[in-house]
Amino acid sequence: MTGLATSWRPGDGYHALERKLVELAANSEPLDLIGNGGVPSFADMRAWGPDRSVRAGVIRYLLVDHGLSAAAKGIEIRGVRIDGCLNLENEQELRALKLDCCSLDDAGGLVVDRARVPVLAITRSWLATLSGEGLAVRGDLDLRGTSVPGVVSLPGAHVTGSLRCEGSALGIALDPDSDLNALVGIAMSVRGDVRLSGGFTASGAVRLTQAEISGSLYCGTADLGCNKEGNGLGARGLRVGGNVYLRTGFVTGGAVWLGGAEVTGEMICTGARLGANADNDSLFGDAMRVGRDLVLDDVHASGAIRLNRAVISGKLSAVSAHVGANKNNGRALACDEVVVRSHARLARLTTCGVARFTLGDVLGHLDLTGAQLHGRDDDGDSLILSRMRVGGSVFLTNASTTGAALLVQARITGQLRCNAADLGRSKRGTSLLGDAMHVGDNVHFDDGFTAAGAVLLRRARISGDLCWAPAQAPGGEVDLEGAQAHRVKDDWRGERAASCAYWPTKGTHLAGFRYDGFGSDEPASAAQRIDWISRQYRPRTGDGGAAKNASDDTSSETPRELADRRLGVPFATEPYKQLAEVYRRAGQDDNARAVEIARRRALRTYENLDRYHWTMNWLSYHTIRYGFETWRAARWLLVLYATVFVGLCAAEHGRGLIMPIDPTATHVHHVTAENCQGGRWYPCFYPAGYAADVVIPGVNLYETASWRPSGSGMTAAIWSATALGWLLTTVMIVGYSGLARRD
């Protein structure tokens, strides 16, 4: 490299073109061999002969060894081939150097390590390589339209102006054994903008690790290759005082690595096409900070997008983006502990992996409307929002997932809208898991919502309405144990009523579910609500389980469904009490009584009662409806009285069925029930009074004191009527006293 650079020494003669250069440079005039002609090709530049050549040593002498007067501003050359390596290393008092349409095809290229220059511009030129470690440029570093087969190396460089590489082509002949970085700006500082746009290409990567750009980074219509680390743009710890633009036309063969980067303004990646590294990550933004919006609309990423612990002061937008997945964990969008201080708009997002937001904060809405989440993790989950805090609403409207959606302990200030969503199923048999989540407004499972598996909302808190109107019953259970909602709005119209409003028959768990009322336009009847509750239980049998045909297929049932089928969901009276309380608060006392009756009757069906309690339950139901319809006992007592009266009327005319208690009345006076001889010697028999004495406790018309039944059959009938009378009267008293209503 140094041999060619020293092929000319001060005191040697000049060629004609070199002499002209010296004369023009002394007056700060350009050497222009192109004029108004067209821009020559790079091949033509490299083919120029001695008549278009200037030795590198001459240029160095003019810039360094005071070959120019103090008044001269620098050297400006157009259309010249420079022989040798132009080595300006460690030079601190360089003047401006401007080369346009020039060729520096020596392998050494341009060396300006630790040099100081006011302006360095090499535009539309062929430059073998540029080495500028620690370079200080007080103006712009301009490489527009220049082709550099090797590396542009600027680690630690300081550019007071801008770094301009619009239309440049770097690294087209990189050494395959190198790290394959075409532009190296590690710890580089640029006060202005860095412009890698306007058709900029790099066969290798652009590395801006720990670089500081006070202006903006422009990479629109840029095409970057990939280094051996798998990155197309490696900018770990990058600091940008303005904006970052990786807009339409930005293409990389590898990943964009922005871990720990800080962008004061916005980062716009609309329409970018991103490759991936060895882990199949396309955008690595862990711990990145963006002062305004991060826009990834219409991005096509062959790998995953990682934003773990990122802080985005504006909105996060990935509308219509297409994202691949990390090959190690299957994640397509990894946003654990992300903070978005506005909305997160992911409408029509398409992924080949899992979208994961955990322990993060979105101060606005989280919009996944129309998202297509086709990937699943090892558990079969496609969307993970567990322990996520959302200041607005979560929209899953028209979204589709291959696996389950997880919202465990999520905190949503607004609504959770799953309108027309189509949720797949995890390996646990779950479509949506929202245990212990808090929603400040309504939760919607309506307008065509479908779920291939269970919908689990155990201990969920819903301040608004739970809107349930799916297109069909879910493929698993609906578990609302311990949940709370303002109202339940479900659709019982038309054919939905026959299907219990598509609440699943294999398990609707309502134990501990609290709600204030119903908000349906056509509310279900009390009988339908009772059926809604009772469907969660299975009748108990002697062997402790519900009977099931041995030929029934159980392969699609979850472990919980199998347990519920064998043992029945543990019976609890609380769902009935909750429903009755809702009816009472609404002034629907008749419905409340119907529910209370159904609750007590359900004990015989779903609880393993012993024979005594089963019998007492049965008796209380058929007599006084557990104290809610005590008049039924009075009716039965009246029926019993009428039956006994009719029987006594018949017995009165029967031979010897009713006899006087005093034997002398029969043997001396020949008194009978049918003929008491006017009561001259003995009281007459009156069936109505005798029936009252027999049936009604506490009534004494003295009929039973004068007459008795005769024969074992008649005696048994009278004693049975007396026992039934006492029983019915006792039950009626218990009913009126309220004791029967106690649990």
Side-chain angles (χ1 to χ4, degrees), residues 335-339 344 354-363 365-366 368 377 379-396 399 401 403-418 421 423-445 449 451 453-468 470 474 476-490 503-504 507-516 536 558-561 563-564 569-570 572 574-575 578:
C335 296
D336 291 349
E337 300 181 59
V338 69
V339 176
V354 180
R356 178 184 172 97
F357 292 77
T358 60
L359 292 170
D361 286 277
V362 175
L363 273 63
H365 301 311
L366 175 56
L368 284 155
D377 61 13
D379 294 326
D381 301 322
S382 294
L383 175 63
I384 303 176
L385 303 177
S386 297
R387 292 180 287 177
M388 185 74 182
R389 292 176 292 273
V390 180
S393 298
V394 173
F395 296 94
L396 297 177
T401 66
L406 268 61
L407 294 95
V408 177
Q409 297 182 32
R411 299 292 185 269
I412 303 169
T413 303
Q415 302 184 58
L416 171 60
R417 301 194 66 93
C418 298
L423 303 184
R425 179 172 175 156
S426 70
K427 293 181 179 179
R428 302 178 299 272
T430 303
S431 287
L432 187 141
L433 180 59
D435 289 358
M437 73 174 183
H438 286 230
V439 181
D441 205 333
N442 301 332
V443 173
H444 291 267
F445 299 111
F449 169 80
V455 177
L456 308 182
L457 300 174
R458 294 179 289 251
R459 302 181 307 281
R461 295 293 180 266
I462 303 169
S463 299
D465 297 338
L466 174 60
C467 304
W468 178 264
E477 59 196 356
V478 174
D479 195 340
L480 296 169
E481 290 184 3
Q484 181 176 326
H486 173 48
R487 295 185 303 177
V488 176
K489 294 183 66 175
D490 46 4
W503 293 98
T508 300
H509 304 273
L510 299 172
F513 177 42
R514 307 289 296 176
Y515 50 93
D516 298 327
Q536 65 184 309
T558 66
R560 179 160 186 167
E561 289 172 348
D564 290 349
V569 175
E574 196 280 335
Q578 171 64 32

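For Ser393 (side chain) and Gln415 (main-chain N/O), a donor-acceptor pair under 3.5 Å exists by modelled atom type. Checked by atom type and distance alone, the side chain of Arg514 never pairs as donor or acceptor with a backbone atom of Gly512 at under 3.5 Å. Between the side chain of Glu477 and the backbone N or O of Val455, no donor-acceptor pair lies under 3.5 Å. In this structure, the side chain of Asp435 does not engage the main chain of Val408 through any donor-acceptor pair within 3.5 Å. For Ser431 (side chain) and Gly424 (main-chain N/O), a donor-acceptor pair under 3.5 Å exists by modelled atom type.
Here the OG atom belonging to Ser386 is positioned 8.0 Å from the CD atom belonging to Gln409, to the nearest 0.5 angstrom. Atom-to-atom distance recorded for Thr413:OG1 and His438:NE2 is 11.5 Å, nearest 0.5 angstrom. Summarising the geometry, atom OG1 belonging to Thr430 is positioned 4.5 Å from atom CG belonging to Leu456; distances are rounded to the nearest 0.5 Å. Residue Leu510 holds its CG atom at 7.0 Å from CH2 of Trp503, rounded to the nearest 0.5 Å. How far OG1 of Thr401 is from CG of Leu396: 8.5 Å, rounded to the nearest 0.5 Å. Distance check, rounded to the nearest 0.5 Å: CG of Leu433 to OG of Ser426 gives 8.0 Å.
Only one option out of Asp336, Asp377, Asp381 pairs with Arg356 in a side-chain hydrogen bond (donor to acceptor under 3.5 Å, both in side chains); it is Asp336.
Counting heavy atoms from C-beta on, the side chains of Leu407 and Met388 never come closer than 4.5 Å. Side-chain contact check for Phe513 versus Asp479: every heavy-atom pair is 4.5 Å or farther apart. Taking the side chain as every heavy atom from C-beta outward, Phe357 and Val338 approach each other to under 4.5 Å. Contact of the Cys418 side chain with the Leu432 side chain is registered, since non-hydrogen atoms from C-beta on lie closer than 4.5 Å. Here the side chains of Ser382 and Val354 are not in contact, with every heavy-atom distance at 4.5 Å or above. Using a 4.5 Å cut-off on side-chain heavy atoms (C-beta onward), Leu457 and Phe445 make contact.
Counted by atom type alone, His444 and Arg417 present one or more donor-acceptor pairs between their side chains at under 3.5 Å.
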Worksheet entry | Pair Asp379-Lys427, salt bridge (charged side-chain N to carboxylate O under 4.0 Å, His left out): steps then yes or no | CA-CA 6 Å; Asp379 294 326; Lys427 293 181 179 179; over 6 Å; no
Worksheet item: Does the side chain to side chain contact (heavy atoms under 4.5 Å, CB included) test come out yes or no for Ile462 and Leu416, once each step is laid out?
Response: CA-CA 10 Å; Ile462 303 169; Leu416 171 60; over 6 Å; no
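Taking the six-membered ring where the residue is Trp, the centroids of His365 and Phe395 are separated by under 6.0 Å.
Between Glu337 and Arg387 there is no salt bridge, since no side-chain nitrogen of the basic residue lies less than 4.0 Å from a carboxylate oxygen of the acidic one. Using a cut-off of 4.0 Å between Lys/Arg side-chain N and Asp/Glu carboxylate O, Arg487 and Asp516 are scored as not salt-bridged.
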